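A quick write-up on the structure given underneath.
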Amino acid sequence: MRSLLNKYNIDYKSLQDTVLPLWLNKYIEVGIEKREDVNCYTYKNIKKFELFYQDYTGNEFSNNKVVVDVDKVGNVAKSLGISLKFAFKIAGLLVKIPQNFNIVISYDNMDFIVSFYCKRKYEEWLIDNLDSYMDEAIFVITT
């Protein structure tokens, strides 16, 4: 991810000027809640929470994925800036919850995917060595 940030000259100043599209802003406006029925955190506007995995962390990560489509946004640089801004906005919501979270941005040479999950003592989702992800760029913000 560092190489993408350097390639497109993305820094904190450029993020301040980045405007989130309305469809992404709606996730921030509605907020995040803990769904007691599945014991997981998710966006309040998610109606159906799918149980794909045996663990809470995997289910949160999968259900909270938001895709920033490079083709729809226009280019990689703009998509990266929007994805980072969105991730920092999510972090702003999550710091109000008394748990620790990881917000993950990944890029697979086609689209950016932003997701988050609660860090749980006995459930790991990402490999500690992010450089070992060879097929995609990974950026993690921890609250």
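The figures here come from the full heavy-atom set of this structure, side chains too, leaving out hydrogens, waters and symmetry mates. What you see is a predicted model, and the numbers here were worked out from it, not measured in a lab.
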Exercise. Between R120 and E60, does a salt bridge (charged side-chain N to carboxylate O under 4.0 Å, His left out) hold up when you go through it step by step?
Worked result: CA-CA 11 Å; R120 294 177 174 85; E60 279 176 346; 2.8 Å; yes
Problem set entry | From CA spacing to verdict: side-chain contact (heavy atoms from CB on, under 4.5 Å), I105, F86 | CA-CA 10 Å; I105 302 171; F86 183 57; over 6 Å; no
For this session: Check step by step if side-chain contact (heavy atoms from CB on, under 4.5 Å) holds for V114 and I103.
Result: CA-CA 7 Å; V114 182; I103 301 110; 4.2 Å; yes
Problem set entry | Derivation of the side chain to side chain donor-acceptor pair (under 3.5 Å) call for N102 and T142 | CA-CA 5 Å; N102 276 344; T142 301; 2.7 Å; yes
For this session: Would you check, one step at a time, whether the test side-chain contact (heavy atoms from CB on, under 4.5 Å) holds for Q99 with Y41?
Result: CA-CA 10 Å; Q99 305 292 330; Y41 293 90; 3.3 Å; yes
For this session: Go through the steps for F116 and T143 under the test side-chain contact (heavy atoms from CB on, under 4.5 Å), then give the verdict.
Result: CA-CA 10 Å; F116 70 89; T143 64; over 6 Å; no
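Separating the CG atom in L20 from the OG atom in S83 is a distance of 9.5 Å, to the nearest 0.5 Å. For the atom pair CG (L93) and CD1 (I32), the distance works out to 4.5 Å, reported to the nearest 0.5 Å. Distance OG/S106 to CD1/I113: 4.5 Å, rounded to 0.5 Å. Here the straight-line distance linking atom CG of N45 with atom CD of E33 works out to 9.0 Å at 0.5 Å rounding.
Closest non-hydrogen pair, N63 versus I46, comes out as O-CD1, 4.4 Å. Across A77 and N75, no two heavy atoms sit closer than the pair N-OD1, 3.2 Å.
Using a 4.5 Å cut-off between side-chain heavy atoms of Ile, Leu, Val, Met, Phe, Trp and Tyr, V38 falls into a hydrophobic cluster with F49, L51.
K48 meets the side-chain hydrogen bond (donor to acceptor under 3.5 Å, both in side chains) test with E50; sequence neighbours excluded. For the ring-ring contact (aromatic ring centres under 6.0 Å, His included) test, no residue two or more places apart in sequence or in another chain qualifies with Y56. Taking R35 as the reference, D37 meet the side-chain hydrogen bond (donor to acceptor under 3.5 Å, both in side chains) condition, with sequence neighbours excluded. For the side-chain hydrogen bond (donor to acceptor under 3.5 Å, both in side chains) test, residues two or more places apart in sequence or in another chain that qualify with T42 are N64. The side-chain hydrogen bond (donor to acceptor under 3.5 Å, both in side chains) test applied to K34 returns N39, not counting sequence neighbours.
In this structure the side chain of L94 never reaches within 4.5 angstrom of the side chain of N100, judged on heavy atoms. The closest side-chain heavy-atom distance from Y43 to I28 is not below 4.5 Å.
With hydrogens and angles disregarded, no donor-acceptor distance shorter than 3.5 Å links the side chain of N25 to the backbone of P21. Remark: the backbone N or O of D111 is paired with a side-chain donor or acceptor of D108 at under 3.5 angstrom. At least one donor-acceptor pair closer than 3.5 Å links the side chain of S115 to the backbone N or O of F61.
Follow the hydrophobic side-chain contacts under 4.5 Å out from W23 and you reach V73 in the same cluster. A chain of hydrophobic side-chain contacts below 4.5 Å, direct or via other Ile, Leu, Val, Met, Phe, Trp or Tyr residues, connects V68 to F88.
Ring geometry for F112 versus Y107: interplanar angle under 30°, hence parallel rather than tilted (30 to 60°).
Checked against the 6.0 Å centroid criterion, the rings of F101 and Y117 do not qualify as a close aromatic pair.
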